[in-house]
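Structure first, commentary second.
The sequence lines fix the lettering, A, B, ..., with proteins before strands; numbering per chain opens at 1. Note that the coordinates shown come from a computational prediction; the quantities given were computed from them, not determined experimentally.
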Amino acid sequence: MIRNIMLQHKNGVVIILLTMVCHIFGAGSAASAKGPMDQLQVAVDEIMAILQSDELMGTEQKEKRKQMVLNVVVDMFDFREMARSSLGPSWNDLTAEEQDKFVGLFTSLIEERYIGKIDSYNNQKIIYKKERVKGSMAIIYTAIVDKELEIPIDYKLKEDQGKWLIHDLKIENVSLIANYRREFDGILRKEQFAGLVKKIEEQLEN
Amino acid sequence: MHLLMTKKKRFSPVSIALLFFFFSVIHAWARVDDTVVPSPVAQAEEISVAGASASDAEEDDWIDEDSWDDDWEDGEVIADPLEPLNRLFFHFNDKLYYWVLKPVARVYSGVFPEELQIAVRNFFDNLRAPARAVNCLLQGRVRNSSQEVVRFALNSTVGIIGFGDFARDILGLDSSNEDTGQTLGYYGAGGGFYINWPFLGPSNFRDSIGKVGDAYLHPFIFLDVDWEVTAGAWVLEQVNYTALTLGDYELFTETALDPYAAVKDAYQQYRKGLIENK
């Protein structure tokens, strides 16, 4: 009995020592040592753990669950960059204040669309197919198996200080940013920036 | 094309067995000679960049600042001369979804379990195997084509008239999503203008013609099934599909500022991806 405890203890010490060694000799932070696919997988696993935890089950916990998922999601995306490319060249015509405002609105819009989708997650299998990395740019090919159908989801990422941030994603080949840009273009041409802001605000209220 | 419809074909079991054998041989052969013929368009593009480092072009130079952006975000703008009419039909389909299709699909999914819904989807999907096989062949994908034939033969028999996907689950033979519209695109046909059909939803000129081609390759048409049965089957398929994807349409359209424009663009991107087989 005592020997067992001792042994466990010994193992524990070895692990702590090993961890320390890894930390000392490991190159830089943990984030930069990992590839984009590993980083994505860690974040997605974290989201799935939240959605599957028993403590957060049920509709009454929905808001809490949503907030926790949101905290993870916020660190995965480069919302400012996404907002900028969704506007295209029109972005440069905006004042810094307008840009900030638009980033906020755009972020809420994306959250609405994807958190809603994420919350309906029900143990579907996620397949990480491959990653292509060059310098600070990467594309990750994944798929989600929903009701026996494989739905491809591709992520476009860029590295920023050792962290890979999502700049766009394609679901069944439909790019989120391109889709919003086409929509925004049409509205900007007719109703300018003020009209676009108003439309997004109305949409978020519903 | 009417000849196809009026001429009654009688397939004897022997000829079907022979046909199956023939395609199995092709399938085995194609497995060895596993080359996919690039589309004429892709070939032309290849020639134009052939000057650059050809061998490592694929692996190393796939990504540069421009292609990283262009590939993902610059689609062509789709012409929409019928926009007022298209919007009217979009509105019509939207109401049809909320007032008819969705309530019916909810009852349907309450009565039939998900496993059965998947089986029904498989059944309808299996009926499109002949169209997929022909279109794979037309695009030079011999292996995929023979795979579709094998799938159709196996799933129609061992898979209990298509309700099960025996070929995929047991043999790992995946289906390839090809149709006549994609074949036309493969040979360089552009999409043409956008059409939002009542009942049928988003399409374009090319894919609408493609749908006619697909219809002629559908067993219901070449076996000359009564049109009432065909229409009934189509309705069942729509209800079943809606039951399996409840909520997706709402989420997409409710987070779009202009749902019509969002669907139009999504359709364009989706079809482009399928034609390029990404």
Side-chain angles (χ1 to χ4, degrees), chain A residues 85-86 88 108-117 119-120 122 132-139 141 146-152 154-158 167-187 190-191 195-196 198-204 206, chain B residues 58-65 67-75 77-78 80 83 114-115 117-119 121-122 125 165 168-169 174-175 177 243-248 250-278:
Chain A
S85 53
S86 76
S108 309
L109 203 60
I110 301 287
E111 284 170 2
E112 195 103 337
R113 179 175 284 191
Y114 287 92
I115 301 294
K117 188 72 200 159
D119 210 47
S120 66
N122 184 22
R132 304 181 88 183
V133 189
K134 187 171 186 190
S136 63
M137 290 173 282
I139 296 176
Y141 301 87
D146 188 25
K147 291 164 190 166
E148 291 185 21
L149 275 192
E150 229 182 73
I151 299 160
D154 306 340
Y155 297 86
K156 195 168 94 164
L157 307 95
K158 216 165 197 173
H167 279 227
D168 193 4
L169 72 161
K170 269 186 182 175
I171 301 174
E172 289 194 280
N173 277 309
V174 179
S175 145
L176 168 78
I177 298 296
N179 193 254
Y180 271 121
R181 186 195 284 176
R182 194 54 42 84
E183 249 189 291
F184 293 166
D185 254 4
I187 296 165
K190 276 179 240 159
E191 303 166 52
L196 180 63
K198 206 174 137 228
K199 274 230 160 83
I200 299 178
E201 279 171 344
E202 279 170 6
Q203 188 68 264
L204 290 172
N206 292 333
Chain B
E58 251 225 333
E59 269 320 297
D60 293 324
D61 296 340
W62 65 275
I63 206 169
D64 55 65
E65 202 78 41
S67 76
W68 197 69
D69 280 339
D70 291 353
D71 263 17
W72 279 62
E73 283 156 21
D74 280 349
V77 180
I78 181 166
D80 193 1
E83 186 168 343
E114 192 176 295
E115 291 76 25
Q117 295 172 30
I118 291 173
R121 185 186 64 198
N122 287 343
D125 191 62
D165 197 339
R168 183 197 63 198
D169 297 341
D174 281 319
S175 169
N177 187 348
L244 280 167
T245 55
L246 274 175
D248 286 0
E250 293 87 325
L251 195 66
F252 185 77
T253 51
E254 281 166 15
T255 51
L257 302 181
D258 178 357
Y260 170 81
V263 169
K264 179 167 81 175
D265 175 69
Y267 180 76
Q268 165 98 331
Q269 287 194 52
Y270 172 70
R271 292 297 293 178
K272 185 169 173 270
L274 285 183
I275 290 166
E276 292 168 359
N277 286 306
K278 277 186 179 161

Residue part contacting chain B, namely of A/Leu204, when any heavy atom lies under 4.5 Å:
neither
Could you check whether any side-chain heavy atom of A/Glu148 comes within less than 4.5 Å of a side-chain heavy atom of B/Arg121, counting everything from C-beta outward?
yes
Rounded to the nearest 0.5 angstrom, the NZ-CD distance for A/Lys170 and B/Gln269 is 7.0 Å
Can you establish whether the number of heavy atoms outside A/Lys198 located under 6.0 Å from its atom NZ is more than 12?
no
Counting distance only, does the side-chain N/O of A/Glu183 pair as donor-acceptor with the main-chain N or O of B/Asp258 below 3.5 Å?
yes
As an exercise: rank B/Asp248, B/Asn122, B/Leu251 by heavy-atom pairs under 4.5 Å with chain A and give me the winner.
B/Leu251
Select, from A/Lys199, A/Glu172, A/Lys147, the one with the greatest count of heavy-atom pairs under 4.5 Å involving chain B.
A/Lys147
Just give me the residue among A/Asp185, A/Ile187, A/Ile171, A/Val174 that pairs up with chain B most often, heavy atom to heavy atom, under 4.5 Å.
A/Val174
Taking A/Asn179 for its side chain and B/Ala262 for its backbone only, find out whether a donor-acceptor pair lies under 3.5 Å.
yes
Has the side chain of A/Gln203 got a donor or acceptor atom that lies under 3.5 Å from a matching backbone atom of B/Thr255?
no
When the 4.5 angstrom heavy-atom criterion is applied to B/Tyr260 and chain A, the contacting part is neither
Side chain / backbone / both / neither for B/Ile118 at chain A, heavy atoms under 4.5 Å:
side chain
Whatever's closer than 4.5 Å to a heavy atom in chain B on A/Ile200 counts as both
Of B/Arg168, B/Arg271, B/Gln117, the largest count of non-hydrogen pairs under 4.5 angstrom with chain A goes to B/Arg168
